[in-house]
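Notes for the one structure printed next.
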Amino acid sequence: MPKQVLGVIPARLASTRFPAKALAPLHGKPILQHVWERASQAKYLQHIVIATDDDTIATVAKKFGAQVRMTSPHHPSGTDRVAEAASAYSHALVVNIQGDEPLIDPGAIDAAVLALLEDDEALMGTLAKRIEDFSEITNPNVVKVVMGRDGRALYFSRSPIPYDRGGGAQYFKHIGLYVYRREFLLEYPMLPVGPLEQVEKLEQLRALENGYKIKVAETEYESWGVDTPEDLVRVEQLFGTRGVWPSTSS
């Protein structure tokens, strides 16, 4: 039986490309509610909380039944917000669930949790999916990851890794769902930022640059985050084909 696991969904109202996207309507419900409902189906989350600094988000979340933890408005990242929320609980593991992925697969959450539980030396767990669309390999917005034989991350990059000198390389994209051991998460915001994180603008490199291990589980889950209004249209089109929600014709 997995250790006690806390799921935290960080949510904020401010967003440069899509203001108030957490509350944008998607088939009659806010995006945030879809995320919360999907995460609630994960087998290994004993508790789920929405972490926010906004009263409007808090009010909406409470209306659909979620527990809310108010956090500081000055956090530079979602990880910092998750860490503050997690500090109020004693769960051994904490899952950072992106608040803008209404198609989040509950099974993917469980896979990331189990991956970390299977590796006592790793302090973080995350996911990776084999790249099937060749254009994603050279797309800097698609983060690539390479793993060792032990399933631990060697490096994350916006560049194509590995370099395919002889042909036949396998490429994996990083899926940004994280599981942390509680003590490590609380220390994470205080770790020094290294040069690799600075140039790649990838927060997960902070762990690797400071010598900590990240366990990576391979998944078939395709991440469909909503960063722009155009992304929301794309997700709406996936309703019927994915069978996650009833189609508009039902």
Side-chain angles (χ1 to χ4, degrees), residues 1-11 22 26-27 29-51 61-62 64-69 78-79 81-83 85-130 145 147 150-153 172-185 204 213-226 235 238-239 241-246:
M1 181 68 182
K3 300 176 181 179
Q4 288 289 308
V5 185
L6 171 69
V8 181
I9 305 173
L26 184 60
H27 274 229
K29 300 176 182 178
I31 287 176
L32 184 61
Q33 183 173 352
H34 286 296
V35 176
W36 177 77
E37 289 178 351
R38 297 289 292 166
S40 297
Q41 297 176 36
K43 296 179 181 179
Y44 300 135
L45 296 183
Q46 280 77 41
H47 195 73
I48 301 174
V49 62
I50 292 175
K62 289 175 182 177
F64 61 70
Q67 182 170 341
V68 176
R69 191 80 190 178
T79 305
R81 194 174 308 283
V82 170
S87 68
Y89 300 88
S90 59
H91 298 69
L93 301 183
V94 181
V95 185
N96 181 349
I97 304 166
Q98 300 298 318
D100 60 2
E101 291 196 21
L103 285 171
I104 183 70
D105 181 0
I109 296 173
D110 290 332
V113 170
L114 289 175
L116 187 55
L117 287 170
E118 291 170 356
D119 190 333
D120 292 336
E121 293 184 5
L123 299 182
M124 285 177 62
T126 192
L127 300 171
K129 183 182 186 300
R130 193 180 302 269
V145 57
M147 296 87 75
D150 56 6
R152 295 172 183 164
F172 291 86
K173 60 181 171 182
H174 178 226
I175 304 297
L177 184 146
Y178 298 99
V179 185
Y180 303 86
R181 299 192 191 278
R182 180 181 183 275
E183 294 76 11
F184 178 64
L185 173 61
Q204 64 269 36
K213 300 177 176 65
I214 302 177
K215 187 73 172 186
V216 183
E218 185 175 351
T219 181
E220 290 300 313
Y221 167 62
E222 184 71 68
S223 176
W224 297 99
V226 177
V235 169
L238 289 170
F239 276 17
T241 58
R242 290 233 162 184
V244 178
W245 298 280

Just by modelled atom types, is the [Y] backbone N or O under 3.5 Å from a matching donor or acceptor in the [X] side chain?
{"X": "R181", "Y": "A122", "result": "yes"}
{"X": "D110", "Y": "K43", "result": "yes"}
{"X": "R182", "Y": "Y89", "result": "yes"}
{"X": "T219", "Y": "A128", "result": "no"}
{"X": "T126", "Y": "A112", "result": "no"}

Taking all non-hydrogen atoms of both residues into account, name the closest pair between [X] and [Y] and its distance.
{"X": "P102", "Y": "V226", "value": "CD-CG2, 4.0 Å"}
{"X": "A153", "Y": "V145", "value": "CB-CG2, 4.2 Å"}
{"X": "R81", "Y": "P10", "value": "CD-CB, 4.2 Å"}
{"X": "H34", "Y": "L26", "value": "NE2-O, 2.6 Å"}
{"X": "V8", "Y": "A85", "value": "CG1-CB, 4.1 Å"}
{"X": "R38", "Y": "D105", "value": "NH2-CA, 4.1 Å"}

Derivation and outcome, side-chain contact (heavy atoms from CB on, under 4.5 Å), residues Q46 and V5: CA-CA 6 Å; Q46 280 77 41; V5 185; 3.6 Å; yes
Verdict with supporting geometry, D119 and R152, salt bridge (Lys or Arg N to Asp or Glu O under 4.0 Å): CA-CA 9 Å; D119 190 333; R152 295 172 183 164; 2.8 Å; yes
H174 and Q204: CA distance, side-chain angles, deciding distance, side-chain contact (heavy atoms from CB on, under 4.5 Å) verdict: CA-CA 10 Å; H174 178 226; Q204 64 269 36; 3.3 Å; yes
If you round to the nearest 0.5 Å, how far is [atom2] of [Y] from [atom1] of [X]?
{"X": "I109", "Y": "L45", "atom1": "CD1", "atom2": "CG", "answer": "5.5 Å"}
{"X": "Q41", "Y": "I48", "atom1": "CD", "atom2": "CD1", "answer": "9.5 Å"}
{"X": "L93", "Y": "H91", "atom1": "CG", "atom2": "NE2", "answer": "10.0 Å"}
{"X": "L123", "Y": "K215", "atom1": "CG", "atom2": "NZ", "answer": "13.0 Å"}
{"X": "Y178", "Y": "L127", "atom1": "OH", "atom2": "CG", "answer": "10.0 Å"}
{"X": "R69", "Y": "I9", "atom1": "CZ", "atom2": "CD1", "answer": "15.5 Å"}

Any non-hydrogen side-chain atom of [X] less than 4.5 Å from a side-chain atom of [Y]?
{"X": "K29", "Y": "E37", "answer": "yes"}
{"X": "I50", "Y": "F64", "answer": "yes"}
{"X": "L185", "Y": "N96", "answer": "no"}

Between Q4 and S90: side-chain donor-acceptor atoms closer than 3.5 Å: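 Looking only at side-chain atoms, S90 and Q4 do not form any donor-acceptor pair under 3.5 Å.
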Donor + acceptor pair across side chains of Y221, E101 (<3.5 Å):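 On atom types as modelled, these side chains qualify, holding a pair under 3.5 Å.
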Short N-O contact, E222 and K129, less than 4.0 angstrom: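 Counted as a salt bridge, because a side-chain N and a carboxylate O are separated by less than 4.0 Å.
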side-chain contact (heavy atoms from CB on, under 4.5 Å) between T79 and Y180, worked out: CA-CA 10 Å; T79 305; Y180 303 86; 3.7 Å; yes
